[in-house]
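In each ligand, atom 1 is the first atom listed, and ligand 1 is the first ligand listed. Keep in mind that the numbers below use all heavy atoms, side chains included, and drop hydrogens, waters and symmetry copies. Numbers here simply count residues along the sequence, with the first being 1.
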Amino acid sequence: MKKFLIINGPNLNFLGKREPEVYGSMSLEEIKGYTEKKIKKFSKSLEIDWFQSNLEGEIVERIQQASDQNYEALIINPAAYSHTSVAILDALKLIEYKVVEVHLSNTYNRESFRHTRLTAKSSDAIIEGLGKEVYFLGIFSQLVEEDFLDV
Ligand code: DQA
């Protein structure tokens, strides 16, 4: 069984309600269902753990735990913490498997404070600006890299 971890940071629990013109109309729960259904077409034996927190320390602790867990990859949308969190940057350095940072919006099209990217310095890849598809694409990129596709 291949396991992936997806971590979502602050305010992503309000997807669907929060600035839908920027982030789309799907809730995080709906994105989860959508992503899992789509990814299983490409790899059946896949387990995905989803974690969301609005608290920096809880995200750090989940990353610390994940460093001792058997995941194939970590897909993380640190949300606003991408631009500010040295603590999450440092925690991500503990992860020995691949880390893909994702953002629903293209942060380079937006305010200049979103161009500062701290956590991305600990990521192997970044996917952004493709709305809800970034979660699917984050997982898919790792299935391709590790040759885990069923098709
Ligand atoms: C975001 C972009 C961040 O700048 C913002 O603070 C978010 C969401 C995105 O997915 O586009 O909360 O990470």
Hey, what polar pairs (N/O, under 3.5 Å) does ligand 1 make with protein?
{"unit_1": "ligand 1", "atom_1": "4 (O)", "unit_2": "H83", "atom_2": "NE2", "d": "2.7"}
{"unit_1": "ligand 1", "atom_1": "4 (O)", "unit_2": "R114", "atom_2": "NH1", "d": "2.9"}
{"unit_1": "ligand 1", "atom_1": "6 (O)", "unit_2": "A80", "atom_2": "N", "d": "3.3"}
{"unit_1": "ligand 1", "atom_1": "6 (O)", "unit_2": "R114", "atom_2": "NH1", "d": "3.1"}
{"unit_1": "ligand 1", "atom_1": "10 (O)", "unit_2": "N77", "atom_2": "ND2", "d": "2.9"}
{"unit_1": "ligand 1", "atom_1": "10 (O)", "unit_2": "L104", "atom_2": "N", "d": "2.8"}
{"unit_1": "ligand 1", "atom_1": "11 (O)", "unit_2": "L104", "atom_2": "N", "d": "3.3"}
{"unit_1": "ligand 1", "atom_1": "11 (O)", "unit_2": "S105", "atom_2": "N", "d": "2.8"}
{"unit_1": "ligand 1", "atom_1": "11 (O)", "unit_2": "S105", "atom_2": "OG", "d": "2.6"}
{"unit_1": "ligand 1", "atom_1": "12 (O)", "unit_2": "R18", "atom_2": "NH1", "d": "3.1"}
{"unit_1": "ligand 1", "atom_1": "12 (O)", "unit_2": "R18", "atom_2": "NH2", "d": "2.9"}
{"unit_1": "ligand 1", "atom_1": "13 (O)", "unit_2": "N77", "atom_2": "OD1", "d": "2.9"}
{"unit_1": "ligand 1", "atom_1": "13 (O)", "unit_2": "H103", "atom_2": "ND1", "d": "2.7"}

Q.
Whether the T35 and K132 side chains hold a donor-acceptor pair (N or O, under 3.5 Å, no angle test) is what I'd like checked.
A. no

Q.
Just by distance, no angles: are the side chains of Q52 and R62 close enough, under 3.5 Å, to form a donor-acceptor pair?
A. no

Q) What's the verdict on side chain to side chain contact (heavy atoms under 4.5 Å, CB included) for I6 and F51, showing C-alpha distance, side-chain angles and the deciding distance? A) CA-CA 6 Å; I6 304 193; F51 175 82; over 6 Å; no

Q: Mark yes or no for whether D124, through its side chain, and V99, through its backbone, hold a donor-acceptor pair below 3.5 Å.
A: yes

(Q) Classify the ring geometry of H83 against F113: parallel below 30°, tilted from 30° to 60°, perpendicular beyond 60°. (A) perpendicular

Q.
Which label fits F136 and F42: parallel for a plane angle under 30°, tilted from 30 to 60°, or perpendicular past 60°?
A. tilted

